[in-house]
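Working notes for the structure below.
Quick caveat, the model's predicted, so the values are computed rather than measured.
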Amino acid sequence: MPIFNSLFLAVLTKNEDDAGTSNIFNLTVNVAGDDVLDTDFDPDLGDAEAEVIWKTALPAPFDSTGLTNSSIRLGIRDDDAWAPQEVLLFGEAEPDFQPGRMVALAMESDLQHWLSTDPSEGNLTMPLRLVSPGDSSTVIRRVLMLVHTIWSSIGGDTATDSPIELEVRAGGNIVLKQAIHDTAQDDLEKGTDNWYMLDAAVPFTRADVLANGGITLRILGSDAWRVGPMFLFGLDTATGRPNAVVNLTAQPMRDLGWMSSDTDEGSPSVEIEVATI
């Protein structure tokens with residue numbers, strides 16, 4: 001397992017009444033009995049709402065080799081209960097801590113319990129079990145897209161009502177091509193993060209994408225959209241919690257700029273640089 005110097009936490013709240021919360025979260029990472037991270041977040045999540053907690057610098061880099069499935073815990077500080085559906089913890093890792101070197105550390109999927117300081121409503125904390133970062137030969141069956149819409153920009157509204165589409169090509173073939181229309185989330189609204197799970201029509205590897213393929217993001221309408229950072233991860237399972245989560249994006253913190261099918265307003269498509277590590 002690699003050495004980390006910063007972490008990102010991405011979450012998706014269930015699409016249920018009162019599933020969201022305005023309470024503070026607490027994240028702890030314990031290595032060999034020592035807390036290498038004990039920090040609070042204030043996400044203010046609504047029902048069916050996603051959020052990426054942006055880069056959290058660690059007091060000092062830590063070696064994840066000593067972690068177990070009970071080393072990482074996510075908790076809540078008050079009794080406004082929260083119902084998580086999906087949680088992913090990832091970060092910048094060795095050897096050079098480059099922004100494109102995003103490595104998944106832990107993930108939970110299809111969660112069934114709630115978090116609350118009131119024991120009648122849920123658990124105080126939950127463990128985040130470890131996942132493998134995989135490699136270029138790991139077989140990918142789904143792609144997780146985490147995308148941020150810029151909050152504001154001179155010259156217009158950054159949100160869009162137009163659908164978007166992600167296409168992945170590997171080994172000379174289109175292995176994933178999926179349009180994203182309306183979901184239970186506040187899709188592509190300004191200042192929002194969105195969590196989209198996309199199924200591959202054909203399993204593929206990152207090596208196949210690098211050798212004879214690519215990744216393209218498109219907008220399928222003329223309602224211009226200002227795209228901020230985007231993370232792409234390949235998951236090795238067709239459903240449920242993955243065993244391996246493969247980094248697919250070489251420049252996840254890149255501002256992708258304006259997109260629109262009207263070329264006077266933006267680019268109809270953007271090529272995503274694929275990670276090599």
Enclosure of D17 CG (heavy-atom neighbours >12, cutoff 6.0 Å): no
Return the minimal non-hydrogen interatomic distance between [X] and [Y], and the atom names on each side.
| X | Y | answer |
| --- | --- | --- |
| I140 | A200 | O-CB, 4.4 Å |
| L74 | L115 | O-CD1, 3.8 Å |
| M259 | S269 | CE-CA, 3.7 Å |
| P252 | T249 | CD-O, 3.6 Å |
| G91 | F8 | CA-CD1, 4.2 Å |
| E121 | S116 | OE1-OG, 3.2 Å |

Can any side-chain N or O of [X] pair as donor or acceptor with the backbone N or O of [Y] at less than 3.5 Å?
| X | Y | value |
| --- | --- | --- |
| E51 | E49 | no |
| D262 | S222 | no |
| R141 | D236 | yes |
| S162 | D223 | yes |
| D118 | S120 | yes |
| N194 | L188 | yes |
| D255 | G257 | yes |
| K14 | G20 | no |
| D208 | F204 | no |
| N123 | M126 | no |

Working to the nearest 0.5 angstrom, can you tell me the gap between [X] [atom1] and [Y] [atom2]?
| X | Y | atom1 | atom2 | result |
| --- | --- | --- | --- | --- |
| T205 | D135 | OG1 | CG | 9.0 Å |
| N247 | I277 | CG | CD1 | 8.0 Å |
| D44 | I24 | CG | CD1 | 10.5 Å |
| M197 | L12 | CE | CG | 8.5 Å |
| E86 | L88 | CD | CG | 9.5 Å |
| I215 | R169 | CD1 | CZ | 8.5 Å |

Can you sort out the partners of F62 under ring pair (Phe, Tyr, Trp, His ring centres under 6.0 Å), two or more places apart, ordered by chain and number? F4
Hydrophobic clusters here meaning ILVMFWY residues chained together by side-chain heavy-atom distances under 4.5 Å, can you tell me if [X] and [Y] are in one?
| X | Y | answer |
| --- | --- | --- |
| M253 | I272 | no |
| V245 | F90 | yes |
| W114 | L45 | no |
| V209 | F233 | no |

Are [X] and [Y] close enough that a side-chain donor and a side-chain acceptor fall under 3.5 Å?
| X | Y | answer |
| --- | --- | --- |
| T237 | R142 | yes |
| D63 | T65 | yes |
| T28 | R73 | no |
| T158 | R226 | no |
| D193 | H148 | yes |
| E167 | T216 | no |
| D38 | N26 | yes |
| T149 | W225 | yes |

For E265, enumerate each residue passing the salt bridge (charged side-chain N to carboxylate O under 4.0 Å, His left out) test, keeping only those at least two apart in sequence or located in another chain. none
Evaluate the side chain to side chain donor-acceptor pair (under 3.5 Å) criterion for residues R241 and S109: first the C-alpha distance (whole Å), next the side-chain angles of each, then the deciding distance (0.1 Å), finally the verdict. CA-CA 5 Å; R241 181 177 176 272; S109 294; over 6 Å; no
Side chain to side chain contact (heavy atoms under 4.5 Å, CB included) evaluation trace for Q178 with E165: CA-CA 6 Å; Q178 187 168 334; E165 178 183 78; 6.0 Å; no
Between L37 and L27, does the side chain to side chain contact (heavy atoms under 4.5 Å, CB included) criterion hold? Intermediate values first, please. CA-CA 7 Å; L37 181 68; L27 178 70; 4.0 Å; yes
Y196 side chain near Q185 side chain, heavy-atom distance below 4.5 Å: yes
For T160 and I219, what are the C-alpha separation, side-chain angles and deciding distance, and is it a side chain to side chain contact (heavy atoms under 4.5 Å, CB included)? CA-CA 9 Å; T160 185; I219 189 166; 4.0 Å; yes
Report the C-alpha distance between L166 and V143 in whole Å, list the side-chain angles of each, state the deciding distance to 0.1 Å, and finish with yes or no for side chain to side chain contact (heavy atoms under 4.5 Å, CB included). CA-CA 10 Å; L166 188 74; V143 171; 4.1 Å; yes
Show me, pair by pair, the donor-acceptor contacts under 3.5 angstrom made by side chains of residues 75-83, not counting sequence neighbours?
from : atom 1 : to  : atom 2 : distance (Å)
R77  : NE     : D40 : OD1    : 3.2
R77  : NH2    : D40 : OD1    : 3.1
D80  : OD2    : T21 : OG1    : 3.4
D80  : OD2    : S22 : N      : 3.1
D80  : OD2    : S22 : OG     : 3.3
W82  : NE1    : T13 : OG1    : 2.8

